[in-house]
Amino acid sequence: MGEYTALCKQNVANLPRESPNVPNVNCDWTTVCMPITRNLNKYCQDTGRTQGDPVPQINSNPPPTICYCCCSCFAYDTPIEVATGIFTQIQELQIGDTVLAAGTDLKWEETEVALATDLGPDLEFPHMFYVAYRFQDSEEGEIIRSMIVTADHLFLMGSGKLKPVQHLIPGNKLQQADGQVAEVAFCVNSSYKGGLHHIATGDFDNKTLDEHLINSNGIVSAGYNVQLAFTAGHIDPSFITDGPDGDALQVGTQQYTEQFQCEEAMAFLKDPSKYPGKVEKPDTRVFHVPDNAFGYLTSAQVESIIKSDPPHSAIGNVMEATTLNYLFKIYGAFYPDIIFLNGWNNEEPNAFAWENLGQKFVLVTGGMARLNDINRDGLSMIISHCVAYHEGIDWVGDADYYSVYMSLRQVWNNDLFAKVFTSGYSQLETLFGYIDVKSEPSTACRLETLKMASSMLPIPECAISPSNYFEVVQAIANNNLKNVLVMFDRELDKKAVTDVKNYEISPQVKILKAGIGGNYGQSVRLVTAGLDPNTTYTVKVNNLLSVGGLPLNPKHNSSEFSTP
């Protein structure tokens, strides 16, 4: 399966592409990434990156191209059995060392370590999984142990099948190395400061687990190459648990907490004194968005996207959290009066802008950032949209136009603008494709608006704010059956009022004359050749302007009226 984690490969594939037709690639492990592991890990530590974050490298072979290494699943200090009854901390294991390995038959044999790489020793990992489990010992009675691992770490269950850590629930039976079973007490998200180390005992052929299971602190886990196959979606499904909880909700989500979180887990999270060593309480903050905030999407659109269930990364894959923070640094330089918030634990896919006590805020949710279809360029266009609301804009169509016409051009200048827009537009087009509810303006209109703004063409009519129009309010026929009074919500510019070609009455009625009809200049009196009694008509108005130059709203430029 290679030396790269599936998380690394996935994150590299999801990066913005220099050319839509040229996929992003990992660098050759042996010649590029492995020799720079020490410097690579130092860079990751110095820049606050975490496991699976891609780091670009210049491939100097002509022609020069870009490829990617990744920041490098066990936490340091996890005991691994290397000989009967003898355990070694996992970070001590190197290629060529031996560990005890087995298949599902649990026949343990000394097996050589074929892969051993790590990330650390003193990095912060915000989304790990802390597993507490209990088992009975003939001499000591009940024993409670724990491990901290990354997402997709595979445990062997009592059923003989593998299950990823993020789906463990209290009461699950974990296979012990001695043939007994341990019970999951709880599994929670946690932060961790230290190092990660992963080992594999050879290539995984996807036919058998023999020699790929190891004894980790008394519990049987799959080696790293099996985990790679699982994360990439290549593993034989027969190896994975297919019990009633096989599709369990993920640890850390609101639904999981409501359904599976037990009192023991809650007590653990509330009492930092119980946290072992370098384990810390996870950041579970969910930002409150005020009711008066401007949203990139409506609540109905958000619900439609959630119902469509688009592909998205797990909360533990923090690559896009790094991307968001990077974008916020850039936008913060251009808009220093705005506080940009990374709402990583806000699960609904959206973004918001609001002002409170004179302070401006923009928030992008983790639910939006973790969508596989949205990455740096799409997020940049969404952030630009939210910035528009702090530039005095209060309508979604106008904000779409401003986001590209002004903000995106300012932040990504010259050729960067074209690259970011082209990629970002494609991503938003995909995002809007998950929405099947009507909106004003429509998603098709919003996409057209972005295109028009990219060429500095006028904003399309469908995107113009209702507040930037004036409208027909009502029409009334006089008792003489000759005059019709058409009322508007703004004072009229008198220049075009008298042109009878700007008015139509249907069923067809000839209009003889038009002029201001009073009502503070907000009405027109039409003189007709005669109306039929007890008849319903529709009057339609075109080409008029308000005082100040606002056009008529094409969706509200007519009114029905009935004659006496």
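For clarity, every value in this text was computed on a predicted model and none was experimentally measured. Only this structure's heavy atoms are used, side chains among them; waters, hydrogens and symmetry mates stay out.
Without hydrogens or angle criteria, Lys163 side chain to His167 main chain gives a donor-acceptor distance under 3.5 Å. For Thr208 (side chain) and Asp210 (main-chain N/O), a donor-acceptor pair under 3.5 Å exists by modelled atom type. In this structure, the side chain of Ser304 engages the main chain of Asp436 through a donor-acceptor pair within 3.5 Å. Looking only at distances, no side-chain donor or acceptor of Asn350 sits under 3.5 Å from a matching main-chain atom of Met368. Between the Asn413 side chain and the Gln410 main chain, no donor and acceptor come within less than 3.5 Å of each other. Under a 3.5 Å cut-off, the side chain of Arg376 and the backbone N or O of Val420 do not form any donor-acceptor pair. At least one donor-acceptor pair closer than 3.5 Å links the side chain of Thr201 to the backbone N or O of Glu211. Ser384 places a side-chain N or O within 3.5 Å of a backbone atom of Ser380 that can act as its donor or acceptor partner. With hydrogens and angles ignored, the 3.5 Å screen pairs a side-chain donor or acceptor of His212 with a backbone N or O of Asp203. Judged by distance alone, with hydrogens and angles left aside, the side-chain atoms of Asp236 form no donor-acceptor pair with the main-chain N or O of Phe239 at under 3.5 Å.
Rounding to the nearest 0.5 Å gives a distance of 11.0 Å between CG of Asn24 and CG of Asn11. From Tyr130, atom OH reaches atom CG of Asn189 across 13.5 Å, with rounding to the nearest 0.5 Å. Taking CG from Asn325 and CD1 from Ile330, the interatomic distance works out to 11.5 Å, rounded to the nearest 0.5 Å. Taken from CD in Glu303 to CD in Glu348, the straight-line distance is 7.5 Å, to the nearest 0.5 Å. Atom NE2 of residue His385 and atom CG of residue Leu408 lie 13.0 Å apart, to the nearest 0.5 angstrom. With values rounded to the nearest 0.5 angstrom, Ser403 atom OG is found 10.5 Å from Arg409 atom CZ.
Considering only heavy atoms from C-beta on, Val99 comes within 4.5 Å of Val113 through its side chain. You'll find the side chain of Phe230 stays beyond 4.5 Å of the side chain of Asn225, heavy atoms only. Using a 4.5 Å cut-off on side-chain heavy atoms (C-beta onward), Leu379 and Val364 make contact. The closest side-chain heavy-atom distance from Ile169 to Cys187 is not below 4.5 Å. Counting only heavy atoms from C-beta outward, the side chains of Met452 and Ile459 never approach each other to under 4.5 Å. Looking only at side-chain heavy atoms (C-beta outward), Gln175 and Met157 stay at 4.5 Å or farther from each other. Under the 4.5 Å side-chain criterion, counting only non-hydrogen atoms from C-beta, Tyr68 is in contact with Ile66. Residues Ile235 and Ile240 form a side-chain contact, since some pair of their non-hydrogen atoms from C-beta on lies under 4.5 Å apart.
Here the closest non-hydrogen pair linking Ile393 and Ala399 is CG2-N, 3.6 Å. In terms of heavy atoms, Tyr405 sits closest to Ala453 at N-CB, 3.8 Å. Contact record, Pro349 with Leu371: CB-CD1, 4.1 Å, taken as the closest heavy-atom pair. Residue Ala351 comes nearest to Cys386 through the heavy atom pair CB-SG, 3.7 Å, listed as atom of the first residue, atom of the second, then distance. Contact between Leu213 and Ala222 at its shortest, heavy atoms only, is CD2-CA, 3.8 Å.
Under 3.5 Å, the side chains of Ser407 and Tyr331 contain no donor-acceptor pair of N or O atoms. Side-chain contact of Asn346 with Thr365: a donor-acceptor pair under 3.5 Å is absent, judged by distance alone. A side-chain donor from one of Asn372 and Ser313 sits under 3.5 Å from a side-chain acceptor of the other. There is no side-chain donor-acceptor pair under 3.5 Å between Tyr425 and Asp377.
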For this session: Tell me, with the steps shown, if Lys360 and Ile339 meet side chain to side chain contact (heavy atoms under 4.5 Å, CB included).
Result: CA-CA 6 Å; Lys360 301 173 181 178; Ile339 293 178; over 6 Å; no
Problem set entry | Check against side chain to side chain contact (heavy atoms under 4.5 Å, CB included), Leu324 and Phe340 | CA-CA 9 Å; Leu324 266 186; Phe340 294 91; over 6 Å; no
For this session: Please test Thr323 against Phe328 for side chain to side chain contact (heavy atoms under 4.5 Å, CB included), starting from the C-alpha separation and ending with a verdict.
Result: CA-CA 9 Å; Thr323 301; Phe328 289 163; over 6 Å; no
Problem set entry | Test log, rule side-chain hydrogen bond (donor to acceptor under 3.5 Å, both in side chains), inputs Thr322 and Asp53 | CA-CA 8 Å; Thr322 304; Asp53 275 3; 3.1 Å; yes
For this session: May I have the step-by-step check of side chain to side chain contact (heavy atoms under 4.5 Å, CB included) for Phe129 and Ile148, ending in yes or no?
Result: CA-CA 5 Å; Phe129 293 88; Ile148 183 165; over 6 Å; no
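Legend: residues meeting side-chain contact (heavy atoms from CB on, under 4.5 Å) with Thr98, ordered by chain and number and at least two apart, are Glu110.
Phe361 pairs in a ring pair (Phe, Tyr, Trp, His ring centres under 6.0 Å) with only one of the listed residues (Tyr335, Trp354, Phe294), which is Trp354.
Ring centroid separation for the pair Trp412 and Phe417 does not come in under the 6.0 Å cut-off.
On the SG-SG cut-off of under 2.5 Å, Cys69 and Cys27 do not qualify.
A cation-pi geometry, defined here as NZ or CZ lying under 6.0 Å from the six-membered ring centre and within 45° of its normal, holds between Arg446 and Tyr296.
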